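Please read the structure below before turning to the comments.
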Amino acid sequence: MGWLRRQRYLLDFILASLLRRKGKNLGLLLVYSLIVFMLASVMLFTHALKREMGLVLQASPEIILQRIEAGRHALIPEDYLQKIGRLRGVTARKGRLWGYFYDPAVRANYTLMVAPERRLADSEVIIGSAIARTRGIGPGDYLTFRAHDGEAYSFRVRELLASDTELFSADLVLMSERAFRISQGVTEGWYTDIVLSVSNPLELEKIAEKLTLRLPDTRPILREEILRTYDAIFSWRQGILFVLLLGAILAFVIFAWDKASGLSAEERREIGILKAVGWETGDVLRMKFWEGAILSLMAFLLGYLLAYLHVFHASASLFEPVLKGWAVLYPAFRLTPVIDGLQVATLFFFSVFPYVVATIIPIWQVSVTDPDAVMR
Amino acid sequence: MRKSDPLLSLFALLAGLFLWTLAGSTRSPQVAAERLDPVRRLVSELGLSDPALFTEARYTRHLSQADLHSAFQDHPMALEHFPSGSLLAPPRPGAHGRGE
């Protein structure tokens, strides 16, 4: 109890001392929290996005087979479906039709896709929410495309794709096979690529090997590779953002180090007086430890909580320009809060510990010297 | 009331919120899975392979399907001019092993 009361008195004293230099300490708290906010935002955002991609892309096709012509992705003939032959482990195979369409009206790229399961009429389309938002259209309105031969085709928007799927469907235009072939000039007997379903993931490598032997001009893309691509991309982007932030972090480190380690004449005199009125070295150290701990802990908690709000409740809007680039269509999405405890612990350690240490060392040097010498 | 009381209450509040965010995270895998169900259904129905995050160019829209093995995506000597492209990781050896 006695120890606790002693710490409370120390806290009262520190608070009074911090409030005496209100402007300086609030400024430090603000910059400190801002740095923690930026770092925590990048960490939380990339971790949550990576996890979400991992969960969703588990449902993507096990194998996508592309035909390569002169080193580039080309249309694949329908008879390749037969040429693949019987492959043990392959449960289903089908040709897919998809492509891109640049809409000069809003300068956006759409992804056109044939969706046989939706049973669309040839004059109907289903569009992603981002297209509807950008074009200002909704169900019942018409969307006009200029086809490959210069003809203009109008499609009635049957419905919008659910807005909670926007992260994957923002720029999709689903249409019937006939509408796609006529408007894009893809003749019968050709597909964009072929997808294969495989029930046992252990057989994927072997099947991919057999495919490249039977059809040497093709490139199988496995689901594992898709997952690895996205894992690598977000780690890299997090790294890039950290590098960009490095300048700001270094500036802060210099600022904090200077503030914490360079004692002003006033602070030296304060320590001298405290020692002269009977404070022990341990008390002075304890007081300065609490001072550093209050500031850094407060900055960590404020920065982290603001980052949490920014990433999970404000759609990480500060990162939007970085991810969006020059794109016109950008999905509105909300990530599920998923936090990596180890990342948060690392952030906590590197934001709180160095500052507290940087405060204590110079104080210790001053507080072990004679009060008379310090005050002179 | 002592001077340190408001400070300690503020700390208690912030620490409580901090712990709540961590607890929310451990609760959420199941919630996340349920929330992602419509997306997974769509991905599975259409065989989607990429998120619609970078729609500025065809090779940034479908990164996993892009011609990673061709050095210049648009034409010989074409400089990479899309912001997303400049933020992409160079392919790791082995990560896109097949066909390149």
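Quick caveat: nothing in here was measured; it's all calculated off a predicted structure. Numbers restart at 1 for each chain; the letters A, B, ... are given by sequence-line order, proteins then strands.
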Decide, yes or no, whether a salt bridge links B:Arg35 with A:Asp164 under the criterion of side-chain N to carboxylate O below 4.0 Å.
no

Examine whether an atom of A:Phe101 lies under 4.5 Å from a heavy atom of chain B, and if so say whether it belongs to the side chain, the backbone or both; otherwise answer neither.
neither

Check each atom of B:Leu48 against the heavy atoms of chain A and say whether the ones under 4.5 Å are side chain, backbone, both or neither.
both

So, for A:Ala115 and B:Leu46, which heavy atoms are closest and what is the spacing to 0.1 Å?
CB-CD2, 3.6 Å

Counting C-beta onward and ignoring hydrogens, is there a side-chain heavy-atom pair between A:Tyr230 and B:Pro51 closer than 4.5 Å?
yes

How many angstroms lie between CG in A:Asp171 and CD in B:Glu56, if you round to the nearest 0.5 Å?
12.0 Å

I need the A:Ile226 CD1 to B:Gln65 CD distance, nearest 0.5 Å.
5.5 Å

Please report whether the ring centroid of B:Phe18 lies less than 6.0 Å from that of A:Tyr308.
no

What residue, out of A:Val195, A:Leu301, A:Leu297, A:Leu49, has the most heavy-atom pairs lying under 4.5 Å from chain B?
A:Leu301

So B:Leu7 and A:Leu15, do their side chains get closer than 4.5 Å, heavy atoms only?
yes

Which atoms of A:Tyr110 come close to chain B, meaning under 4.5 Å heavy atom to heavy atom: side chain ones, backbone ones, both, or neither?
neither

Mind checking whether A:Met298 and B:Leu10 have side chains closer than 4.5 Å, heavy atoms only?
yes

Quick one, B:Thr55 and A:Tyr330 - any side-chain contact, counting heavy atoms below 4.5 Å?
no

Under 4.5 Å to a heavy atom of chain B? For A:Leu172 that would be side chain

Where does A:Ile64 contact chain B at under 4.5 Å (heavy atoms): side chain, backbone, both or neither?
side chain

Non-hydrogen atoms of chain B under 4.5 Å away: do they reach the side chain of A:Ala170, the backbone, both or neither?
both

Roughly how far, to the nearest 0.5 Å, is the CD atom of A:Glu52 from the CG atom of B:Leu36?
4.5 Å

Minimum heavy-atom distance A:Ile339-B:Thr21, with the two atoms named:
CD1-O, 3.5 Å

Measuring from atom CG of B:Leu17 to atom CG of A:Leu305, what distance do you get when rounded to the nearest 0.5 angstrom?
5.5 Å

How close do B:Ser49 and A:Ser60 get, heavy atom to heavy atom, and via which atoms?
CA-CB, 4.3 Å

Quick one: which of A:Asp340, A:Thr111, A:Leu227 has the most heavy-atom pairs under 4.5 Å with chain B, could you say?
A:Thr111

Distance check, rounded to the nearest 0.5 Å: A:Thr165 atom OG1 versus B:Arg40 atom CZ?
14.5 Å

List for me each residue that meets side chain to side chain contact (heavy atoms under 4.5 Å, CB included) alongside A:Tyr102, sequence neighbours excluded, and say none if there are none.
A:Pro104, A:Arg107, A:Asn109

Determine the option with the most heavy-atom pairs under 4.5 angstrom with chain B, choosing from A:Val328, A:Leu302, A:Ile294.
A:Ile294

For B:Arg2, give me all partners under side chain to side chain contact (heavy atoms under 4.5 Å, CB included), at least two apart in sequence or on another chain.
A:Arg8, A:Tyr9, A:Asp12, B:Ser4, B:Asp5

How long is the straight-line distance from CZ of B:Phe54 back to CG of A:Leu329, given to the nearest 0.5 Å?
14.0 Å

Could you tell me whether the side chain of A:Ser169 reaches within less than 4.5 Å of the side chain of B:Leu42, counting heavy atoms only?
yes

Main-chain N/O of B:Ser64 paired to A:Glu225 side chain as donor or acceptor, under 3.5 Å
no

Partner chain A: residue of B:Leu14, B:Leu8, B:Asp37 with the largest heavy-atom pair count (under 4.5 Å):
B:Leu14

Contact part of A:Ile14 toward chain B, heavy-atom cut-off under 4.5 Å: side chain, backbone, both or neither?
neither

Close side-chain approach of B:Asp50 to A:Phe168, heavy-atom, < 4.5 Å
no

Close side-chain approach of A:Trp98 to B:His62, heavy-atom, < 4.5 Å:
yes

